[in-house]
Amino acid sequence: MSCFVSMVDAPTKSDPHGINYTVHVLPPIYPDAVEKSATSQREAAEKMRQIDYQQKVAAYEKAYDRQFTKDFSPDDIAGHYQ
C-alpha cells in the first residue's frame with residue numbers, strides 16, 4: 001500500500017512547535033498489471049517502485065502546493081521556527 005504523510009505547522013499556546021499530520025492513502029499498485037509487461041520479478045518490482053515514487057511526488061506537490069525538489073531547505077522542517 002502506497003502512503004504519504006504530510007506535516008504542517010499547527011502551533012498552540014501549550015505547544016508552540018505543534019504539527020498536524022495527514023496520512024494520504026494513494027492508489028494501490030497491483031503486481032498483476034505490472035508483471036504482464038515485465039520480463040522478470042526484479043523488473044516488475046522496479047516498475048512498482050517507480051509508480052510508488054511518482055505517486056508520492058504527486059501527493060507531495062498537491063499537499064504542499066509546490067513543485068517537488070530533492071534539495072533540502074530549512075522550510076522543509078515542520079515545527080521549526082527561526
Side-chain angles (χ1 to χ4, degrees):
M1 177 179 286
S2 185
C3 298
F4 174 77
V5 178
S6 61
M7 299 175 278
V8 294
D9 297 333
T12 63
K13 288 183 181 181
S14 63
D15 185 4
H17 298 285
I19 300 170
N20 282 347
Y21 299 89
T22 303
V23 177
H24 306 264
V25 179
L26 306 175
I29 303 166
Y30 296 103
D32 295 348
V34 172
E35 287 176 3
K36 291 177 184 174
S37 64
T39 57
S40 69
Q41 286 184 342
R42 179 171 293 217
E43 184 180 330
E46 177 60 21
K47 285 184 180 184
M48 291 175 66
R49 188 196 64 74
Q50 290 172 1
I51 293 167
D52 180 65
Y53 180 80
Q54 291 168 354
Q55 289 184 165
K56 288 178 177 162
V57 167
Y60 174 96
E61 291 176 346
K62 184 176 180 181
Y64 296 114
D65 197 29
R66 65 180 182 187
Q67 186 173 1
F68 174 76
T69 176
K70 293 181 180 182
D71 298 332
F72 175 76
S73 164
D75 291 339
D76 293 334
I77 304 172
H80 178 16
Y81 306 101
Q82 294 181 348

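The minimum heavy-atom distance between Q55 and P27, with the atom names listed, is NE2-O, 3.1 Å.
In terms of the side chain to side chain donor-acceptor pair (under 3.5 Å) criterion, residue partners of S6 (sequence neighbours excluded) are, by chain and number, H24.
Only one option out of R49, K56, Q50 pairs with D52 in a side-chain hydrogen bond (donor to acceptor under 3.5 Å, both in side chains); it is K56.
Looking at Y64, its side chain does come within 3.5 Å of a backbone N or O of M7 through a donor-acceptor pair.
Residues E46 and R42 are not paired through a salt bridge, judged by the lack of any N-O separation under 4.0 Å between the basic side chain and the carboxylate.
Residue pairs meeting the salt bridge (Lys or Arg N to Asp or Glu O under 4.0 Å) criterion with at least one member in residues 59-72, sequence neighbours excluded: R66-D76.
Contact of the I19 side chain with the Y21 side chain is registered, since non-hydrogen atoms from C-beta on lie closer than 4.5 Å.
Between the CD atom of Q54 and the CG atom of L26 there is a distance of 12.0 Å, given to the nearest 0.5 Å. To the nearest 0.5 Å, the span separating OH on Y30 from CD1 on I51 amounts to 12.5 Å.
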